[in-house]
Amino acid sequence: RAQMNTLPRLKPRCFYDLVVEVALIRPGPIQGDMVYLYLRRKAGTEPVTYPHPSLEPILKRTLGVPLFQEQVMQVAIAAAGFTPGEADLLRKAMGHKRSRERMAEICQKMIRDMEANGIEPELAQRIYNQINAFADYGFPESHAASFALIVYSSAYLRHYYAPEFLCAMLNAQPMGFYAPGTLIEDAKRHGVKVLPVDVTRSAWDHALEPSPGRKGPPVVRLGMRSVLGLGSQARAKIEAGLGTATTFTTEGTEDTETTENGHSRGPDATDRRAGENSDPSAPMVPAVPPPFSVPSVSSVVNAVAVPPHPFTSISDFVHRTRLDRRALRALAEAGAFDAFVVDEPAARRRRVALWRVLEAERAPAGPLALFPESCVPP
C-alpha cells in the first residue's frame, strides 16, 4: 500500500524511476527522512542540493539523496577517506543482524574522518544520520533494479493480457500479499470477465475460455481448486474422475488483436503514451514482450476447460471422484453443480444440489428411490 500511495506522487516516467520507487519504500530511507525529501525534489518544489561538492557525482542520479547501499559505500570513500576495504565493512554492518551496534562504531570513525577532511561537524553529523538509517535495511541498487524489472513486466502483462495474467496468478496461489478474492474483484473492475466454478466446465486449475461470440479477450473460468483449496488428494481424485491429468500446451500463439477498449493485445503492442496524444518527436517506448509464450485460447480450452470425460450428473460426479462430504458440500454451496439443476429456480439451485449430493452419497435406495436423477447429456 505504501508503494501504491507513493506512485501518484513520484509519477515515474522512465524505468529508473521505478528503481527509485522500489528503493524508497524501505525501512532505511524511511527512517532517514529521505522519502519526502526525494519526492519534493522530484516534483521541483525543493532545489537539488548536495551535502558536499565531492558527493555530487555519487548522488546526482538520486537528486542528492542517498538511497542505495552502493552509494553509502561511495560516500564513505569520498567524504571520509575510507579505503574500499573499510567501505565493505560498512556494507557488511548494514546487513548484519546486529547492525546498529556495528554501524555506530564504524560511523563514529566516519564522522571523525569527515571532520579531518574539512567537512563541518554539523554537516558530518547529518551525513552520518542518513547513512546510519541504512542499519534498518536499505536496498542495493542491483536488487532494486531487478525488483523494478519484475514490477514493469508484471504491469505490462496485467494491462495487455489481463485475463491470462489473472489466470496465471490464481493458479500460482498461495503467493503474494493479496487473497485470490481480492485479485478476482480487482480484475473484474478492470474489465476481465470471470466465470464461476462449474463441474461440467471446470477442471482443477483455473483456465481460459473464448469470450462469447469469440470476439475480444478470453474469459477466466474458475477451477475447482478455488473451492477445494490446494489439497493434492482432492486434485488427484478429480483428475482421476475426468480420466486425465490436466496439462497446458504452448503450441500456437494468439495473433495480435485489439480489445474493446482499443488496446493492442500482442507482443507488438506499444506503450499507451505512444498514442495519438503523445509528442511525435519523442522516441517510441518499446514494448516488452511477455516472458512466456501465451497459449492460444483454443489450445487452453482443449487442454483444460473442456475435459475429455465430463461429468454428466451430480451422482456421476460423486461416484467418480469419491470426494468426502465436506468437499462435496463446499462445491454445492459454491454453485458448482448448478448446471445439473437448471430445472430449479436460481435461488434454490444450490440447496437442491446439496440435497442431491447427500442423496448420491447414500447407498442405492432400490425400489424406494422416488426421484432418480436424470443425466445431462455431455
Side-chain angles (χ1 to χ4, degrees), residues 167 170-171 193-214 218-249 295 297-378:
C167 188
L170 293 177
N171 283 333
K193 186 174 182 181
V194 181
L195 302 179
V197 182
D198 182 349
V199 297
T200 66
R201 300 287 300 173
S202 300
W204 177 258
D205 285 320
H206 311 282
L208 300 175
E209 293 184 10
S211 61
R214 297 186 178 272
V219 298
V220 178
R221 169 72 69 178
L222 296 182
M224 282 180 259
R225 66 184 290 171
S226 62
V227 178
L228 302 179
L230 302 174
S232 57
Q233 293 182 354
R235 174 173 188 161
K237 290 180 178 180
I238 290 174
E239 291 182 347
L242 291 172
T244 182
T246 55
T247 56
F248 288 90
T249 176
V297 173
S298 59
S299 64
V300 172
V301 169
N302 292 334
V304 180
V306 183
H309 305 290
F311 301 106
T312 58
S313 67
I314 293 178
S315 178
D316 181 42
F317 183 91
V318 172
H319 294 149
R320 280 164 61 181
T321 61
R322 302 294 181 181
L323 292 173
D324 57 53
R325 178 173 295 184
R326 182 178 179 181
L328 293 170
R329 178 165 189 156
L331 288 169
E333 293 177 346
F337 297 124
D338 284 4
F340 298 130
V341 288
V342 292
D343 54 316
E344 297 287 341
R348 284 175 40 84
R349 288 175 184 171
R350 299 188 183 191
R351 176 57 56 181
V352 172
L354 179 58
W355 280 112
R356 294 188 183 180
V357 163
L358 297 177
E359 179 186 7
E361 267 197 313
R362 301 173 61 183
L368 298 180
L370 300 179
F371 303 101
E373 184 180 358
S374 59
C375 294
V376 176

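Computed from a predicted structure; not experimentally measured.
- Residues Leu208 and Val219 fail the side-chain proximity criterion, which asks for heavy atoms closer than 4.5 Å.
- Of all the heavy atoms in Ala360 and Ser315, the pair that sits closest is CB-CA, 3.8 Å.
- Every residue meeting the side chain to side chain contact (heavy atoms under 4.5 Å, CB included) condition with Ala327, not counting sequence neighbours, appears here in chain and number order: Leu228, Leu323, Asp324.
- A donor-acceptor contact shorter than 3.5 Å links the side chain of Arg221 to the backbone of Pro196.
- Looking at residues two or more places apart in sequence or on another chain, you find no side-chain hydrogen bond (donor to acceptor under 3.5 Å, both in side chains) involving Arg349.
- In this view, Arg225 and Asp205 satisfy the salt bridge (charged side-chain N to carboxylate O under 4.0 Å, His left out) rule, not counting sequence neighbours.
- Remark: Arg320 pairs with Asp316 by the side-chain hydrogen bond (donor to acceptor under 3.5 Å, both in side chains) rule, at least two apart or across chains.
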Problem - CA sep, side-chain torsions, deciding dist, call: Leu222, Leu170, side-chain contact (heavy atoms from CB on, under 4.5 Å) - result: CA-CA 9 Å; Leu222 296 182; Leu170 293 177; 4.0 Å; yes

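- Listed by first and then second residue, the side chain to side chain donor-acceptor pair (under 3.5 Å) pairs that reach into residues 328-344 are Arg329-Glu333, Glu344-Arg348, sequence neighbours excluded.
- Listed by chain and residue number, Glu361 satisfy the side-chain hydrogen bond (donor to acceptor under 3.5 Å, both in side chains) test with Arg325 (two or more places apart in sequence, or in another chain).
- Taking both residues in full, the closest heavy atoms of Lys237 and Thr321 are given as CB-O, 3.2 Å, listed atom of the first, atom of the second, then distance.
- Residue Asp198 holds its CG atom at 9.0 Å from CE of Met224, rounded to the nearest 0.5 Å.
- Side-chain contact check for His206 versus Ser226: some heavy-atom pair is nearer than 4.5 Å.
- Using a distance-only test at 3.5 Å, with no hydrogens or angles considered, a donor-acceptor pair links the side chain of Arg322 to the main chain of His319.
- The shortest heavy-atom contact between Gly223 and Ser202 is CA-CB, 4.2 Å.
- The ring pair (Phe, Tyr, Trp, His ring centres under 6.0 Å) test applied to Phe337 returns Phe317, not counting sequence neighbours.
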